[in-house]
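Before any comments, here is the structure.
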There are 2 protein chains.
Amino acid sequence: MTDQQKDTEQMILNAARKVFIEKGLDGARMQEIADEAGINKALLHYYFRSKDKLFGMIFQEELGKFFPKIISVMSSSEYSLEDKIRAFVNDYISIFIKNPFLPSFILRELQRDPENLRQFIVKSGFDVSSVKFVITNLSNQLNMTFDEARHFMINMVSLCIFPFAGRPLIEKILFSEDKSEYNQFLEERKVIVAEYIIRTLKTGK
Amino acid sequence: MTDQQKDTEQMILNAARKVFIEKGLDGARMQEIADEAGINKALLHYYFRSKDKLFGMIFQEELGKFFPKIISVMSSSEYSLEDKIRAFVNDYISIFIKNPFLPSFILRELQRDPENLRQFIVKSGFDVSSVKFVITNLSNQLNMTFDEARHFMINMVSLCIFPFAGRPLIEKILFSEDKSEYNQFLEERKVIVAEYIIRTLKTGK
DNA sequence: GTCTATACGGTGATAGAC
DNA sequence: GTCTATCACCGTATAGAC
């Protein structure tokens, strides 16, 4: 593959990523992706055959980003549980600060087509069983049932993700016009959410 | 307006609600709505002029459901703070159990078009300032800053909503094929989330 | 009010020149 | 590999009969 090919392909992917994440599969237009990439529609099909194929590439990539890579840290024995929670929350929220529309994108497209999810998860290289393993560990450490630990885990993830997925609404209702205020708020959550969760552990369940 | 008119109009709205909520504005087809309502496309336009207009009706309605009506209860002085939290969480989660796709729908469409949000909120009759009032009250009762109380409030809402918006993903990763298991899980959260939040109040911040 | 038929624009995809 | 031109289809919207 020549450099030129690689460049064009990459430019297309970058353009597609931007448009698909903002508009979704249904809302995106091949013309808009072509414009964004500075080429024409025909070339999109030359490289990726169809809109669906191109979308698949992007979705796969983004799903990979979405899955918390640090999940395995949660099951290590090197750090205290509290520090693991701090690391998880901090890293996960940081990912979304870097990719603010990632949560909305993933949630939207999963809703649109939940059927193919399993194969996408497999291809993304995410190890589903590791999450169950983490939860089992949690249930042991915290004297909880598996079900309770699952609630706990999902609570943690909810607190990280929702302020991104619900940003338009929350921001309009509870924040000023100044976007930096909400960004500041998200920044604060790296610490606040972790401490909030840890606090629940200090009282008996 | 005759009964017949009212019936047809209502049938269209019911069909449109179902299709729009599932597919979103971009994914929905007027043909599908017509089929669902047992009529033809032309009649849709006769009653609602355009797809956008029809969508607006539905979105407006659903946004009204989405806003927690019980928010004012939070600022009453009749119940203890803990009981108010229990009531809020219980009622809010109950709404989503009855309307499981409401959160995804609202979040998706807000993401698509955040601009017109303000006017939609106004028309939905939701009083934005009441939320700020509740948060101010919270900050007084809990010896917090406004900013901290806002985090607290958003945490509470996150824990209620996210398990619905993220259901396809969570269910696939952490639950069995049996749908009733996840429904049971959501049912449990009416109590678990409230107690989880209350627990954070019992340790000093 | 409700239907069938159709106009009209847009969109994904392909053909073919260079 | 990249472009222009074009096709075939689909989706919204309207015309007009009943």
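Each chain gets a letter, A, B and so on, in the order the sequences are listed, and its residues count up from 1.
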Gap between atoms [atom1] and [atom2], on [X] and [N] respectively (whole Å):
{"X": "A:Q31", "N": "C:dG9", "atom1": "CD", "atom2": "P", "answer": "17 Å"}
{"X": "B:I33", "N": "D:dG11", "atom1": "CD1", "atom2": "P", "answer": "12 Å"}
{"X": "A:K51", "N": "C:dG10", "atom1": "NZ", "atom2": "P", "answer": "16 Å"}
{"X": "A:Y46", "N": "D:dT4", "atom1": "OH", "atom2": "P", "answer": "17 Å"}
{"X": "B:R49", "N": "D:dT12", "atom1": "CZ", "atom2": "C1'", "answer": "13 Å"}

query = So which of residues 34-44 of chain A are in contact with DNA chain D, with a heavy-atom cut-off of under 4.0 Å?
reply = A:I39, A:N40, A:A42, A:L43
ask   = Can any side-chain N or O of B:R150 pair as donor or acceptor with the backbone N or O of B:I135 at less than 3.5 Å?
value =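 No; judged by distance alone, with no hydrogens or angles, the pair does not exist.
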query = Hey, does the side chain of B:K65 reach the backbone of B:N99 with a donor-acceptor pair shorter than 3.5 angstrom?
reply = no
task = Quick one: sort the B:F185 and A:H151 rings into parallel, tilted or perpendicular, breaks at 30° and 60°.
result =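 The rings of B:F185 and A:H151 lie parallel, inter-plane angle below 30°.
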message = Within the 3.5 Å criterion, strictly below it, is a donor on B:E187 or B:N183 matched to an acceptor on the partner's side chain?
response = no
Respond yes when some side-chain nitrogen or oxygen of [X] is under 4.0 Å from OP1 or OP2 of [N], and no when none is.
{"X": "A:S50", "N": "C:dG12", "result": "no"}
{"X": "B:H45", "N": "D:dA13", "result": "yes"}
{"X": "A:Y47", "N": "D:dT2", "result": "yes"}

Set of residues satisfying ring pair (Phe, Tyr, Trp, His ring centres under 6.0 Å) with respect to B:F96, sequence neighbours excluded = B:F66, B:Y92, B:F164
message = How long is the straight-line distance from CG of B:L81 back to CG of B:L138, given to the nearest 0.5 Å?
response =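 Going from CG on B:L138 over to CG on B:L81, the span is 6.0 Å.
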Residues within residues 15-30 of chain A bordering DNA chain C, heavy-atom distance below 4.0 Å =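 Here the set is A:A28, A:R29, A:M30.
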task = Evaluate the criterion ring pair (Phe, Tyr, Trp, His ring centres under 6.0 Å) for residue pair B:F20 and B:F105; output intermediate values, then yes/no.
result = CA-CA 8 Å; B:F20 278 136; B:F105 173 66; 7.7 Å; no
query = Between B:F162 and A:F162, is a ring pair (Phe, Tyr, Trp, His ring centres under 6.0 Å) present by the stated rule, with each step listed?
reply = CA-CA 6 Å; B:F162 184 73; A:F162 185 74; 7.6 Å; no
inquiry  = Apply salt bridge (Lys or Arg N to Asp or Glu O under 4.0 Å) to residues B:K179 and B:E171 and explain how you reach the verdict.
reply    = CA-CA 8 Å; B:K179 277 179 131 189; B:E171 192 169 14; over 6 Å; no
